[in-house]
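Since the structure comes first, as structure tokens, the remarks are kept for the end.
In this text the structure is predicted, and so the values were computed from the model without any measurement.
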Amino acid sequence: MRTMDIARRTVAGAVAVVLGTAAGAAAPDRPAHAGGHAPVRVEEASESDGSGIKVVTATCPGARSVFAAGARIVNGNGGVVLTAMEPDAELTTVTVTAKARTGHASAWSVVAYATCDWSTSPPVRARTTVESESTAEVSCPGSTRLFGTGFRFEGPVDQTYVDEVGFGPGLRTVRVHAGGTEPESLTAVGICKEPTQPTGPPGERVEAASGYDGTWPKTVVTAEAGPDVHVYGVGARVTGAGPFFLSALVPSPNLRQAGAEAVRASQLPGSPAARTDGEGDGEGSLAVAALESAVFH
């Protein structure tokens with residue numbers, strides 16, 4: 001596992017690229033995998049207005065399948081919560097849902113991302129749901145390996161939010177954590193596939209982290225992937241004592257980097273104070289993880 005601390009370098013340009021919002025499909029700026037195929041990122045954005053809930057779906061083109069998912073809230077400013085980033089059972093679409101907290105009336109939008117690819121060993125979806133618990137975990141079945149993540153939670157959003165979507169040990173599991181009040185239900189989703197070349201590396205987790213301080217929002221991006229490697233799954237985790245939650249998990253347009261954003265819940269008129277899991281001073285940090293893979297077709 002490779003790690004880097006992006007707090008030591010200037011990342012404004014990289015963040016702008018990774019967290020861009022232009023809709024459509026983007027081809028990687030590198031040769032295709034052996035066999036003539038390369039993954040593409042497809043995105044779809046909602047309208048920007050003051051609606052209380054938004055749902056948007058990104059669809060893979062042609063015969064390609066969803067291998068990873070991503071989501072982003074635009075102009076939520078701590079008043080909008082991601083409640084779902086979920087591939088469908090057939091792995092043809094990614095649907096992202098977000099809800100405004102009580103009192104949030106300004107315009108905002110949400111973006112869904114699907115990383116689409118083709119393989120002689122198609123991916124499968126693994127899914128686990130728990131009731132009234134703050135943590136859900138799902139494991140890839142059999143000998144399959146993890147390529148992408150997803151989640152969903154049900155319940156009010158004024159005091160509940162997702163602060164972790166992580167890869168487990170050995171790139172076989174997905175862990176989702178909800179901060180604040182326990183949700184009515186919490187779902188963890190894994191996109192998994194059989195290794196096409198069992199003797200080769202199944203993938204690599206690459207991480208980057210922000211500094212631990214009281215500055216919010218926080219954005220983090222990973223270093224560019226090496227030659228003949230693409231970013232598939234994106235995971236992230238917020239740490240710190242306070243109402244901090246994930247507002248973006250995004251693969252870059254060329255699938256060479258992964259980015260994440262975390263915000264602090266705003267105190268809105270008419271809404272209850274966002275619950276924290278403990279007393280804190282507003283300081284925290286954000287870590288992002290990219291699941292990178294080379295040729296597998």
To the nearest 0.5 Å, how far apart are CD in Glu164 and OG in Ser134? 10.5 Å
Any side-chain heavy-atom pair from Asp163 and Phe244 closer than 4.5 angstrom? no
Between Val138 and Leu246, is there shared hydrophobic-cluster membership here, with clusters defined by ILVMFWY side-chain heavy atoms closer than 4.5 Å? yes
Show the numbers, then the answer: is there a side-chain contact (heavy atoms from CB on, under 4.5 Å) between Val238 and Tyr161? CA-CA 11 Å; Val238 191; Tyr161 37 81; over 6 Å; no
The test is side chain to side chain donor-acceptor pair (under 3.5 Å); show your working for Thr173 and Glu137 and say whether it passes. CA-CA 7 Å; Thr173 63; Glu137 295 187 0; 5.6 Å; no
Output, in order, the C-alpha distance, side-chain angles, deciding distance and verdict of side-chain contact (heavy atoms from CB on, under 4.5 Å) for Val81 and Arg101. CA-CA 7 Å; Val81 176; Arg101 297 174 59 230; 3.9 Å; yes
For Glu204 and Leu171: C-alpha separation, side-chain torsions, deciding distance, then whether side-chain contact (heavy atoms from CB on, under 4.5 Å) applies. CA-CA 8 Å; Glu204 181 181 14; Leu171 299 181; 5.8 Å; no
Pro141: what forms a side chain to side chain contact (heavy atoms under 4.5 Å, CB included) with it, not counting sequence neighbours? Val124, Ala126, Thr144, Cys192
Evaluate the side-chain proximity of Ser119 to Phe67: yes if any heavy-atom separation is below 4.5 Å, no if none is. yes
Could you tell me whether a side-chain N or O of Arg264 sits under 3.5 Å from a main-chain N or O of Pro243, the two making a donor and an acceptor? no
Expected list for residues 89-98: side-chain donor-acceptor pairs under 3.5 angstrom, two or more places apart:
from: Thr92; atom 1: OG1; to: Asp88; atom 2: OD2; distance (Å): 2.9
from: Thr95; atom 1: OG1; to: Thr57; atom 2: OG1; distance (Å): 2.9

Flag the pair Glu261 and Arg72 as a salt bridge only when some basic side-chain nitrogen lies within less than 4.0 angstrom of an acidic carboxylate oxygen. no
What I want to check is whether the side chains of Thr160 and Thr181 have a donor and an acceptor closer together than 3.5 Å. no
So which pairs with a foot in residues 97-137 pass disulfide bond (SG atoms under 2.5 Å apart), sequence neighbours left out? Cys60-Cys116
Side-chain heavy atoms of Ser132 within contact of Glu184, under 4.5 Å: no
To the nearest 0.5 Å, what is the distance between CZ (Arg64) and OG1 (Thr115)? 11.0 Å
Checking Glu182 against Gln159 for the side-chain contact (heavy atoms from CB on, under 4.5 Å) test, could you report, in this order, the C-alpha distance in whole Å, the side-chain angles of both residues, the deciding distance, and whether it holds? CA-CA 9 Å; Glu182 291 179 346; Gln159 298 188 40; over 6 Å; no
Nearest atoms (heavy-atom pairs only) where Val174 meets Ala188: O-CB, 4.1 Å
Check: Arg152 side chain, Thr83 main-chain N or O, donor-acceptor pair, under 3.5 Å: no
Shortest non-hydrogen pair, Val56 vs Ser46, comes out as CG2-N, 4.0 Å
What one should report as the nearest heavy-atom pair of Pro217 and Val263 is CB-CG1, 3.7 Å
For the NE2 atom of His177 and the CZ atom of Phe153, what is their distance to the nearest 0.5 Å? 12.5 Å
Value for OG1 (Thr128) from CZ (Arg175), rounded to nearest 0.5 Å, stands at 14.0 Å
For the side-chain contact (heavy atoms from CB on, under 4.5 Å) test, which of Val221, Val234, Thr219 pairs with Val288? Val234
Can you tell if the side chain of Val231 reaches within under 4.5 Å of the side chain of Leu291, non-hydrogen atoms only? no
Evaluate side chain to side chain donor-acceptor pair (under 3.5 Å) for Ser143 paired with Glu194, printing each intermediate quantity in order. CA-CA 6 Å; Ser143 60; Glu194 292 281 355; 2.5 Å; yes
Could you pull out every donor-acceptor pair under 3.5 Å between side chains of residues 105-112 and any protein atom, sequence neighbours left out?
from: Ser106; atom 1: OG; to: His104; atom 2: NE2; distance (Å): 3.4
from: Trp108; atom 1: NE1; to: Ser51; atom 2: O; distance (Å): 2.9

Ignoring hydrogens and geometry, is there a side-chain-to-backbone donor-acceptor pair from Lys218 to Ser210 under 3.5 Å? no
So does Arg237 have more than 12 non-hydrogen atoms from other groups sitting under 6.0 Å from CZ? no
To the nearest 0.5 Å, what is the distance between OG (Ser247) and CG (Asn77)? 9.5 Å
Between the main-chain N or O of Cys140 and the side-chain N or O of Arg172, is there a donor-acceptor pair closer than 3.5 Å? yes
State, yes or no, whether a side-chain contact exists between Val157 and Phe245 at a heavy-atom distance under 4.5 Å. no
Not counting sequence neighbours, which residues clear side chain to side chain contact (heavy atoms under 4.5 Å, CB included) with Thr129? List them please. Arg127, Glu131, Ser185, Thr187
Exercise: identify the closest heavy-atom pair between Leu249 and Ala236: CD2-N, 3.9 Å
Output yes when a side-chain donor or acceptor of Arg41 lies under 3.5 Å from a complementary backbone atom of Tyr113, and no otherwise. no
Determine yes or no for a side-chain-to-main-chain donor-acceptor pair under 3.5 angstrom, with Arg256 supplying the side chain and Ala223 the backbone. no
Might you point out which heavy atoms bring Pro123 and Ile191 nearest each other, and give the distance in Å? CB-CG2, 3.9 Å
In the single-linkage hydrophobic clustering (I, L, V, M, F, W, Y; side-chain heavy atoms under 4.5 Å), do Leu82 and Val189 co-cluster? no
Partners of Ala287 by side chain to side chain contact (heavy atoms under 4.5 Å, CB included), sequence neighbours excluded? Ala209
Would you say that His230 contacts Glu292 through its side chain, given a criterion of any heavy-atom pair below 4.5 Å between the two side chains? no
Indicate the ring-plane relationship of Tyr232 and Phe147, choosing parallel, tilted or perpendicular according to the 30° and 60° boundaries. perpendicular
Tightest non-hydrogen contact, residues Val42 and Pro61, listed as CG2-CD, 3.9 Å
